[in-house]
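Worksheet: one structure, shown below.
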Amino acid sequence: MSEAVLYRSVSFSYPGVRRRALDEVSLSVPEGAFALAVGPTGSGKTTLLRAANGLVPHFTGGTFSGRVVTGGRDTLDHAPRHLADVIAYVPQDPAASFVLDRVEDELAYGMENLGVAPAHMRRRVEEVLDLLAIEPLRDRSVRSLSGGERQRVTIAAALAAGPRILVLDEPTSQLDPQGAEDVLAALQRLVHDHGMTVLIAEHRLERVAGFVDLAIGCAAGRTTVGSPAEVLERIDSGPPVARLARMLGWSPAPLTVREARAIAGRSVIVPEAPVPAPDPFSPGAALLEADGLVAGYAEREILHGIQLRLFEGEVIVLMGRNGAGKTTLLRCLAGVHRPAAGTVRVRGRTPRPGVDIALCPQEPESVLYCETVAEEIAVTLRARGVDGRSEDELRRFGIEDLAARHPRDCSAGQRLLVATAAMVAGGPAVVLLDEPTRGLDPEAKAGLARFLRSVAEGGGAAIVATHDVELAAAIASRVVMLAAGEVIADGSPMQVLGDSRVFAPQMTRVFGAGWLTPEQVAAAAVPV
Amino acid sequence: MHPVAWIVWSAAAGIVAMTTSNPFYLVVLIAAAAVVHSSHRRPGPSSRSFRIFLLGGLGAIVLRTALVVFGTVDAENAAAAALEGSRLAALLVVFGTFNSVADPFGVLRLAPRRLHEPALAAALALSIAPRTIAAVARVRQAQELRGIRIGRLRSLTALAVPVLETGMEEAMTLAESMDSRGHGRGRRSRYRPERWEVASGATAIVSGVCTVAFAAALLAGRGGLAPSTFPLRWPDVSPLLVVAAAGFALPGFLPAGRAA
């Protein structure tokens, strides 16, 4: 048996939905492959992954035709629990899938169900604790973990059960760049050294393109399979090096920084550093001033004295490893969390959340409750006492055509934009976004970038906390780096990102500090 | 503390609450439960649900007493109704304590195969209260950031709809996760079987003894278990039964050991 997962003419539609989520999908994921499913939200990626272990259709209902054979077993004849010994599925949102309280118990849970002998379980638990570098977390309650820690624990729990096939839905979405690289490297080791088969879905292609050997391009329920280079060539977005290749006509497109350097070396000449733009960015008045911020929670102090200025027209990208204090800082700036010491002033006064300054928290979809997207925006406008039109607010994100749709009928990426729009509609000039890029496909990310530009151009300012280095390279006028509750870097993207090994965007890694986006490089490149 | 010890404790305390409507015993029982909660509560939303159950208990007393308006309204009737409400309040507090000290899924792992499905349903049901409470806090805060103050009836949909939807989604995700990881598929093994330490044994035994005391009093018709409010006077109190009710506080003074 050389196929780990085989899809034979699989078609599926969710109950009550006419449109097919999967449309005559026939493909095979060979044993030992590291496969990537790529495509916009709503294209069927997640459905494809969930069909591998039988969650589709056993847990979803709906209309299913064709066959999925996983590890030699037909998923129609085997419920997910009867496939648990050959395949493990790691969902997008780890928090809701934890069963037990303690991390160590959670790791053992799958093995208990499979009846693994206790001595064997002990060994395996130790192994995955080391593999995912989570040994210090073993006694912690799962509820006390940060987003990145939760993601690692979920992956470790899936691995502990010892399946041959591992399916992960956006496994690095909550991880900082280093953490993402560690997890992907661990997965690659499992594939190369232990013959595991890994199938992942991921939007941030710059993180994974170099690791995978098989790509599945998804669009409207149909799939195309090929090498990563082949598949990424056909889709609009790809890692920055691939986008650059398309602009400069390189073929085949490079997928990694290393490949790009090799091609660039012999194809183009690029100046040492970009010519500074004729209109250097000059910020306006100071909209927000934070001084000596000390804040934390009952158990411990998170921020140890933060000083920050935000000027009109700026978009600050706030970066830092998981747990550095980004969310706490945003909450203090928004006036939601009272600092133990220090002051925050927005336009010279203590900020009133929602009035002077708008904060969009992580996972904002939980605020949606209206029948249409337009109504959601209208509710916020009314609540803030602002005269405005929903359509105008939606246009800032490029989603005005969703106005009449029910929020739940939108794709996940669209829903995130709708929720973000609902949180900041008609709002004040200062906008704070906490991890808005999680779960955003490239198209939705473009909508977000559009909104941020409109804020800056309109005389407002924004602070965006994110792990997305490429987004920072594209839209930031300033980058602030947080570590252990202190600001350790504050400067232009060129200075901060260019100087960092971990946070450097792909263009910087290929062409040197100063180069941030493929568009920038393409404009200055001279063919050899 | 072994999860079965908590089950024994809760069942015993519940039975005791059922045997009597004497406010003295019930108040001692409730206090005992509060002691146990404060020393053994697990971190996270489940311990906050204790407060909700406590408030629910108070609400039960008030509501039950208010129902008197449908009949003759006098002190005797009101007192009788209040006593009935107190019994319900004690049950709610015991349940809230169990919810906060015992991990329902830790208990679920011990369920025999035959009882697996009802045990799973019970575990999911038990986890709903803490999850819903956490969701309410999250959603309320997020809506406030939009400027929507959840207070009046009209804005209740802004709270209720997301909370219910989130609750449903979380329950589905949890069920999927459990099934994907092989729950209920066959013979299970135990990672680190909980040992019956002294604390667990003592809790179980003392709970049993206290229950026997109340059962014996019930059968013998003594101890003022069902005080009459006609005429209205202070009920009889047996010091022995007060001690028996207080016995339920024992786990509160025992070490937690490895969190179950």
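Note that this is a predicted model, so its numbers are computed, not measured.
- Contacts of A:Glu104 with chain B are made by both backbone and side-chain atoms, with heavy-atom separations under 4.5 Å.
- Within the model, atoms OG of A:Ser366 and CZ of B:Arg138 stand 6.5 Å from one another, a figure rounded to the nearest 0.5 Å.
- Of the listed residues (A:His120, A:Arg122, A:His82, A:Arg50), the one with the most heavy-atom contacts under 4.5 Å to chain B is A:Arg122.
- Using a cutoff of 4.0 Å between basic side-chain nitrogens and carboxylate oxygens, B:Glu169 and A:Arg408 are scored as salt-bridged.
- In terms of heavy-atom pairs under 4.5 Å with chain B, the best-connected choice from A:Ala108, A:Ala96, A:Pro353, A:Gly354 is A:Ala96.
- For residues 180-189 of chain B, heavy-atom neighbours of chain A at less than 4.5 Å comprise B:Ser180, B:Arg181, B:Gly182, B:His183, B:Gly184, B:Arg185, B:Arg187, B:Arg188, B:Ser189, sorted by residue number.
- Here the straight-line distance linking atom CD of B:Gln143 with atom CG of A:Leu368 works out to 8.5 Å at 0.5 Å rounding.
- Atoms OG1 and CZ, on B:Thr173 and A:Phe98 in that order, are 12.5 Å from each other to the nearest 0.5 Å.
- For the set B:Ser127, B:Ala160, B:Ala158, the entry with the most heavy-atom pairs within less than 4.5 Å of chain A is B:Ala158.
- Going from atom OH of B:Tyr191 over to atom CZ of A:Arg102 covers 7.5 Å, rounded to the nearest 0.5 Å.
- Annotation: the span from B:Arg190 atom CZ to A:Glu112 atom CD amounts to 8.0 Å, rounded to 0.5 Å.
- If you take CG on B:Leu145 and CG on A:Leu359, they are separated by 5.0 Å, rounding to the nearest 0.5 Å.
- For A:Asp77, the CG atom is densely surrounded, since the number of other residues' heavy atoms within 6.0 Å is greater than 12.
- When heavy atoms are compared at a cutoff of 4.5 Å, B:Ala135 does not approach chain A at all.
- Contact of A:Val424 with chain B is not made at all, since no heavy-atom distance falls under 4.5 Å.
- Chain A forms more heavy-atom pairs under 4.5 Å with one residue of B:Val161, B:Val139, B:Thr157, B:Thr166 than with any other, namely B:Thr157.
- Interface residue A:Thr380: backbone and side-chain heavy atoms are both found under 4.5 Å from chain B.
- Interface remark: A:Glu376 contributes backbone and side-chain atoms alike to the contact with chain B (heavy atom separation under 4.5 Å).
- The parts of A:Met121 that come within reach of chain B are both its backbone and its side chain, each placing non-hydrogen atoms under 4.5 angstrom from that chain.
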Practice task
Dump the intermediate steps for side chain to side chain donor-acceptor pair (under 3.5 Å) on B:Glu165 and A:Tyr369, then the final yes or no.
Solution key: CA-CA 9 Å; B:Glu165 279 183 343; A:Tyr369 72 98; over 6 Å; no

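- For A:Arg124, no part lies under 4.5 angstrom from a heavy atom of chain B.
- Note on A:Ile87, A:Leu107, A:Leu114: by heavy-atom pairs under 4.5 Å with chain B, the leading option is A:Leu114.
- For the pair B:Asp179 and A:Pro80, the tightest heavy-atom approach, listed with the atom from each and the gap, is OD2-CB, 3.3 Å.
- Ranked by heavy-atom pairs under 4.5 Å with chain B, the list A:Arg382, A:Glu365, A:Arg81 is led by A:Arg81.
- Residue contact with chain B, scored on non-hydrogen atoms closer than 4.5 Å, is absent for A:Gln362.
- For B:Met18, the CE atom is loosely surrounded, since the number of other residues' heavy atoms within 6.0 Å does not exceed 12.
- The choice from B:Glu170, B:Gln141, B:Arg131 that makes the most heavy-atom pairs within less than 4.5 Å of chain A is B:Gln141.
- The choice from A:Ala422, A:Pro163, A:Pro118 that makes the most heavy-atom pairs within less than 4.5 Å of chain B is A:Ala422.
- Contact tally against chain B (heavy-atom pairs below 4.5 Å) for A:Leu381, A:Val336, A:Leu100: the top residue is A:Leu100.
- The parts of A:Asp85 that come within reach of chain B are both its backbone and its side chain, each placing non-hydrogen atoms under 4.5 angstrom from that chain.
- Contact of the B:Leu174 side chain with the A:Ser97 side chain is not registered, since no non-hydrogen atoms from C-beta on lie closer than 4.5 Å.
- Chain B is approached within less than 4.5 Å, heavy atom to heavy atom, by A:Asn53, A:Leu55, A:Phe59 from residues 51-59 of chain A, ordered by number.
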